[in-house]
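Residues: numbered from 1 along the sequence shown.
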Amino acid sequence: MALVRLIEYKDAPPRVKAVYDDIMKTRGVDWINNFWRALANDPAELERIWRSVKEVMAPGARDPLVKEMIYVAVSATNGCEYCTHSHTAAARKKGMSDAMFMELMAVVGLANQTNRLANGLRVEVDPQFK
């Protein structure tokens, strides 16, 4: 259960409705997910985060699927169940297969393991990497 009220479209002030409309148009959907509905309790923060998401996730040097898969990896590593589900669904919509997802999770799991080992062992950075 969310710690704040989820702002429904019908109850949203005009400033929030404008962001909701842009989210639906940009994503090609007819609904607003719970993250945005929770964030709508602070319209300025809603606008700021949506602007950042649109900018970073827009087409660029990286394929949109790759960007979503990076988001899945970070979400899984951070333990954000909501984000992991949300971005996995978005990545699947962009073409991620079960095999791609499993390979991604294998890389994430291995990276977490080796990162913990390197940190635990206090391994110094090689001069060539600097």
Side-chain angles (χ1 to χ4, degrees):
M1 173 189 274
L3 297 177
V4 295
R5 180 172 67 100
L6 300 179
I7 309 295
E8 299 291 342
Y9 186 90
K10 65 181 178 53
D11 302 322
R15 185 176 178 186
V16 170
K17 280 185 179 177
V19 177
Y20 283 3
D21 288 338
D22 192 34
I23 290 169
M24 290 186 290
K25 179 183 173 193
T26 301
R27 293 194 163 164
V29 297
D30 62 356
W31 61 286
I32 298 297
N33 72 37
N34 287 345
F35 174 74
W36 300 112
R37 291 173 39 216
L39 207 52
N41 284 280
D42 183 342
E45 185 70 352
L46 172 69
E47 290 169 340
R48 185 183 75 77
I49 296 297
W50 174 241
R51 199 170 36 250
S52 293
V53 167
K54 272 182 69 172
E55 182 180 324
V56 172
M57 299 303 282
R62 293 280 163 240
D63 177 272
L65 174 57
V66 170
K67 288 183 178 188
E68 285 295 346
M69 290 176 72
I70 292 168
Y71 224 121
V72 170
V74 171
S75 297
T77 297
N78 285 330
C80 180
E81 182 179 354
Y82 180 87
C83 299
T84 302
H85 280 276
S86 175
H87 289 283
T88 298
R92 288 187 186 285
K93 188 175 177 182
K94 289 177 173 63
M96 182 179 71
S97 66
D98 285 345
M100 293 167 77
F101 177 73
M102 293 305 297
E103 188 173 313
L104 175 66
M105 289 298 101
V107 171
V108 168
L110 178 60
N112 281 326
Q113 181 181 16
T114 59
N115 284 195
R116 282 190 310 274
L117 286 168
N119 281 338
L121 295 169
R122 301 292 187 243
V123 177
E124 294 181 26
V125 176
D126 293 297
Q128 304 90 301
F129 296 156
K130 293 182 179 183

**OP:** Could you tell me whether a side-chain N or O of D63 sits under 3.5 Å from a main-chain N or O of L65, the two making a donor and an acceptor?
**Re:**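 Answer holds: yes.
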Original post:
Any donor and acceptor pair, going by atom type alone, linking the side chain of N41 with main-chain N or O of A38 inside 3.5 Å?
Top reply: yes
Original post:
Would N34 and R37 satisfy side chain to side chain donor-acceptor pair (under 3.5 Å), going step by step from the backbone distance to the final call?
Top reply: CA-CA 5 Å; N34 287 345; R37 291 173 39 216; 2.6 Å; yes
**OP:** Apply side-chain contact (heavy atoms from CB on, under 4.5 Å) to I23 and V19, showing your working.
**Re:** CA-CA 6 Å; I23 290 169; V19 177; 3.9 Å; yes
Original post:
How about R62: does its CZ atom have over 12 heavy atoms from other parts shown lying under 6.0 Å from it?
Top reply: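 Open.
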Original post:
Take atom CD in E103; do more than 12 heavy atoms of anything else shown fall under 6.0 Å from it?
Top reply: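 Open.
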Taking all atoms of both residues into account, what is the closest heavy-atom pair of [X] and [Y], and its distance?
| X | Y | result |
| --- | --- | --- |
| K93 | G28 | NZ-O, 4.3 Å |
| A73 | V108 | CB-CG2, 3.3 Å |
| R92 | S97 | NH1-C, 4.1 Å |
| A40 | V16 | CB-CG1, 3.6 Å |
| T84 | T88 | O-OG1, 2.6 Å |
| A12 | K17 | O-CE, 3.3 Å |

Original post:
Do M69 and M96 pass the side-chain contact (heavy atoms from CB on, under 4.5 Å) test, and can you show the C-alpha distance, the side-chain angles, and the key distance before you say yes or no?
Top reply: CA-CA 8 Å; M69 290 176 72; M96 182 179 71; 3.8 Å; yes
Original post:
Between N33 and S86, does a side-chain contact (heavy atoms from CB on, under 4.5 Å) hold up when you go through it step by step?
Top reply: CA-CA 9 Å; N33 72 37; S86 175; 4.3 Å; yes
Do [X] and [Y] sit in one hydrophobic cluster, given that two such residues count as connected whenever their side-chain heavy atoms are within less than 4.5 Å of each other, even indirectly?
| X | Y | answer |
| --- | --- | --- |
| I7 | M24 | yes |
| Y20 | V29 | yes |
| L6 | L39 | no |
| W50 | F35 | yes |
| V53 | W31 | yes |

**OP:** Find the distance between CD (E8) and CD1 (I32) and round it off to the nearest 0.5 Å.
**Re:** 10.5 Å
**OP:** Any chance you could measure M102, atom CE, to M100, atom CE, to the nearest 0.5 Å?
**Re:** 14.0 Å
**OP:** Begin with the C-alpha distance, continue with both residues' side-chain angles, and end with the deciding distance and a verdict on side-chain contact (heavy atoms from CB on, under 4.5 Å) for D21 and K25.
**Re:** CA-CA 6 Å; D21 288 338; K25 179 183 173 193; over 6 Å; no
**OP:** Answer yes or no: is there a side-chain heavy-atom contact under 4.5 Å between L46 and D42?
**Re:**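 Not in contact.
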Subject >> Check: N119 and R116 side chains under 4.5 Å, non-hydrogen atoms >> reply: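 The answer is no, as the side chains (C-beta and beyond) never meet within the 4.5 Å cut-off.
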Subject >> ring-ring contact (aromatic ring centres under 6.0 Å, His included), paired with H87, selected from Y82, Y71, F101 >> reply: Y71
Donor-acceptor pairs are to be reported for all side-chain atoms of residues 54-61 against protein atoms at under 3.5 Å, with residues two or more places apart or in another chain.
| from | atom 1 | to | atom 2 | distance (Å) |
| --- | --- | --- | --- | --- |
| K54 | NZ | D22 | OD1 | 3.4 |
| K54 | NZ | D22 | OD2 | 2.8 |

